[in-house]
A.B. asks: 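Sharing a structure below in structure tokens format, with a few things to ask.
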Amino acid sequence: MGSCQRQKGGHQNFLFVNGPIIVGAGPSGLAVAACLKNNGVPSLVLERSNCIASLWQNKTYNRLKLHLPKQFCELPLLGFPENFPKYPTKHQFISYVQSYAAHFSIHPRFNQTVERAELDESAGLWSVRTQDCEYVSRWLVVATGENAEPALPEIPGMERFDGPVVHTSRYKSGSDFRNQRVLVVGCGNSGMEVSLDLCRHGANPHVVVRNTVHILPREMFGISTFGIAMALLKWLPLRLVDKFLLLAANFTLGNTDRLGLRRPKTGPIELKNATGKTPVLDVGALSQIKAGKIKVMAGVKEITRNGARFADGQEREFDSIILATGYKSNVPRWLKGSEFFTDEGLPKTPFPNSWRGEKGLYTVGFTRRGLLGTASDSLNIARDIAYQWRMLKNGFVGSFPKQ
């Protein structure tokens, strides 16, 4: 792909990329690069960290496994090894992604933090500036995804707390919190799994449940709940599938409302599609809540010097606070002049048409549908750019029709 060349006068290094620029070397960026290569199109992947899948490698806890069976988490064109278990571990998934990059000879440029990307309207080219180089291409693929930066809540009094406050991006194991009273803020899949991990390492976790939450068993009758839902959606309306899931969940798990875990009025799949809020797939936390080993707390009113006050009037002391409050997009910080993204850094156009912007802009990893959405977007992006690539090679110059 070439190397950055120092311009005369000491200006920033410059490289024209003969193919798309892909920002982000996570699973989404690698999937697009692989699909492009499969269509005969070269690309350049820029990554701010020093490794691929840096979120998985550097910012996940040790006990993490895929929440869905491996067939729903495969990247395009190359599946998981057959000897991998149904729910691969964090380390198995990382090894799969590394093998994927090697198989398709994807070699990202590491330690390249994109500071600004914008379209040069007059030239019809995208300029992508990092700390030491300017890259230019006809196409820009935003693959930084929905989980680029930790989402940190603003809770009154947090600065007064005497103990450690740790986001789950820095949490590794409950062994670091043995015999501690720990407040876990957030009751999604991460919050519930961290609470379970803390419990199993001798800590005393209290999980904050501020809003309603859907909790489903990871499996029903020995079959993946997600797999059952996907199969039923081929034949039944979404709301009917949601009703079935809730009936089966109540039969399997019991009435979670009595545990302080109130269900939303909207069904789990409908809510996921509308807001991106994923139902919790229980892997053991619920049984610990029923046993009283994980305490469910109302929303936090304020943090005190040695604990917290809650919305229901209770006050408790804690040794540590863990923020299981998820992640957010960082696109608005560096992508300029584009109206395609919201202020929150998500495409304004909903799935399944969120992958294509205008004038050579593409996005992958923003579908709120996990790796299944990534696979779909990657194939569409590669097909669309490959069409333009062939037209250019055949001497056609001008704007391209939408595919």
Side-chain angles (χ1 to χ4, degrees), residues 20 22-36 38 45 52-53 55-56 60 64 66-80 87-88 93 96-97 100 140-149 151 188-190 214 216 224-234 238 241-242 267-281 326-331 335 340-342 344-357 361-385 403:
I22 301 170
V23 181
S28 294
L30 298 178
V32 174
C35 291
L36 285 165
N38 193 55
V45 182
I52 63 173
L55 178 65
W56 280 86
T60 51
L64 179 64
L66 295 183
H67 294 120
L68 305 180
K70 59 184 179 182
Q71 66 266 30
F72 298 112
C73 301
E74 293 179 339
L75 300 180
L77 309 175
L78 184 68
F80 283 97
Y87 299 98
F93 183 75
Y96 164 66
V97 173
Y100 188 88
L140 172 63
V141 181
V142 178
T144 48
E146 307 154 343
N147 302 319
E149 305 284 352
N189 279 295
S190 292
H214 276 302
L216 304 175
S224 158
T225 300
F226 184 80
I228 292 174
M230 292 299 100
L232 291 177
L233 283 171
K234 294 179 180 178
L238 183 150
V241 175
D242 269 344
I269 301 177
E270 184 178 0
L271 187 67
K272 167 70 173 171
N273 290 347
T275 68
K277 188 175 181 180
T278 303
V280 173
L281 297 176
Y327 294 83
K328 62 182 180 180
S329 167
N330 67 1
V331 172
L335 182 63
F340 188 68
F341 284 86
T342 66
E344 290 73 38
L346 301 174
K348 293 178 181 177
T349 307
F351 180 84
N353 300 310
S354 56
W355 57 273
R356 191 178 200 260
L361 178 66
Y362 297 86
T363 73
V364 58
F366 295 88
T367 65
R368 295 178 170 176
R369 284 164 172 78
L371 293 171
L372 276 178
T374 288
S376 171
D377 281 355
S378 299
L379 292 166
N380 285 330
I381 291 169
R383 192 179 302 117
D384 196 68
I385 293 179
Q403 298 300 295

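Values below: all heavy atoms of this structure, side chains included; hydrogens, waters and symmetry mates excluded. Predicted model only: the values in this text are computed from it and were never measured.
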A.B. asks: Under the criterion side chain to side chain contact (heavy atoms under 4.5 Å, CB included), I'd like the reasoning laid out for T349 against F340: C-alpha separation, chi angles, the key distance, then a yes or no.
C.D. replies: CA-CA 8 Å; T349 307; F340 188 68; 3.8 Å; yes
A.B. asks: Taking all heavy atoms of A34 and all of L77, pick out the closest pair and write down the distance.
C.D. replies: O-CD1, 3.9 Å
A.B. asks: Test of understanding: with side-chain contact (heavy atoms from CB on, under 4.5 Å), list the residues that count as partners of N147, not counting sequence neighbours.
C.D. replies: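 With sequence neighbours excluded, N147 shows a side-chain contact (heavy atoms from CB on, under 4.5 Å) to L55, Y327, given in chain and number order.
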A.B. asks: Roughly how far, to the nearest 0.5 Å, is the OH atom of Y96 from the CG atom of L75?
C.D. replies: 4.0 Å
A.B. asks: Got P88 and F80 here, is their nearest side-chain heavy-atom distance under 4.5 Å?
C.D. replies: yes
A.B. asks: Among W355, F351, F341, which residue meets the ring pair (Phe, Tyr, Trp, His ring centres under 6.0 Å) test with F366?
C.D. replies: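 Of all the options given, the one that passes is F341.
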A.B. asks: Between M230 and L233, is any pair of side-chain heavy atoms under 4.5 Å apart?
C.D. replies: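 They are in side-chain contact.
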A.B. asks: K348 and T342: side-chain donor and acceptor closer than 3.5 Å?
C.D. replies: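 Note: K348 and T342 side chains miss the donor-acceptor criterion.
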A.B. asks: What closest approach, in Å, do V45 and A33 show between heavy atoms, and which atom pair accounts for it?
C.D. replies: CG2-CB, 4.0 Å
A.B. asks: Which atom pair, heavy atoms only, marks the closest approach of F72 to G227?
C.D. replies: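 For F72 versus G227, the nearest heavy atoms are CZ-CA, 3.6 Å.
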A.B. asks: Rounded to the nearest 0.5 Å, how far does CD1 of I22 lie from OG1 of T144?
C.D. replies: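 That separation rounds to 12.0 Å.
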A.B. asks: Apply the side chain to side chain donor-acceptor pair (under 3.5 Å) test between T278 and each candidate in K272, H67, H214; give the one that qualifies.
C.D. replies: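 Result for side chain to side chain donor-acceptor pair (under 3.5 Å) with T278: K272.
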A.B. asks: Nearest 0.5 Å, what's the SG-CD1 distance between C35 and I381?
C.D. replies: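 Reported to 0.5 Å precision, the distance equals 9.0 Å.
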A.B. asks: Return the set of residues passing side-chain hydrogen bond (donor to acceptor under 3.5 Å, both in side chains) with Y100 (not counting sequence neighbours), or none when no residue passes.
C.D. replies: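 Expected list: none.
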A.B. asks: Checking side-chain polar atoms at under 3.5 Å, does N273 have a donor or acceptor matched by the opposite partner on R369?
C.D. replies: yes
A.B. asks: Could you report the tightest heavy-atom contact between P347 and T363, atom names first, then the distance?
C.D. replies: CG-OG1, 3.9 Å
A.B. asks: I need the E270 CD to T275 OG1 distance, nearest 0.5 Å.
C.D. replies: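 Rounded to the nearest 0.5 Å, the CD-OG1 separation comes to 10.0 Å.
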A.B. asks: More than 12 heavy atoms of other residues, nucleotides or ligands under 6.0 Å from NZ of K277: is that the case?
C.D. replies: yes
A.B. asks: Work out which heavy atom in L66 is nearest to a heavy atom in Y87; give both atom names and the distance.
C.D. replies: O-CD2, 3.4 Å
A.B. asks: Give the minimum heavy-atom separation between E146 and R368, together with the two atoms involved.
C.D. replies: OE2-N, 2.6 Å
A.B. asks: Let me have the donor-acceptor pairs involving side chains of residues 370-380, under 3.5 Å, with sequence neighbours excluded, atom names and distances please.
C.D. replies:
from: T374; atom 1: OG1; to: S28; atom 2: OG; distance (Å): 3.1
from: S378; atom 1: OG; to: T374; atom 2: O; distance (Å): 2.8
from: N380; atom 1: OD1; to: R383; atom 2: NH1; distance (Å): 2.9
from: N380; atom 1: ND2; to: S376; atom 2: O; distance (Å): 3.3

A.B. asks: Mind checking whether F93 and W56 have parallel, tilted or perpendicular rings, split at 30° and 60°?
C.D. replies: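 Taking W56 first and then F93, their aromatic rings sit tilted (interplane angle of 30° to 60°).
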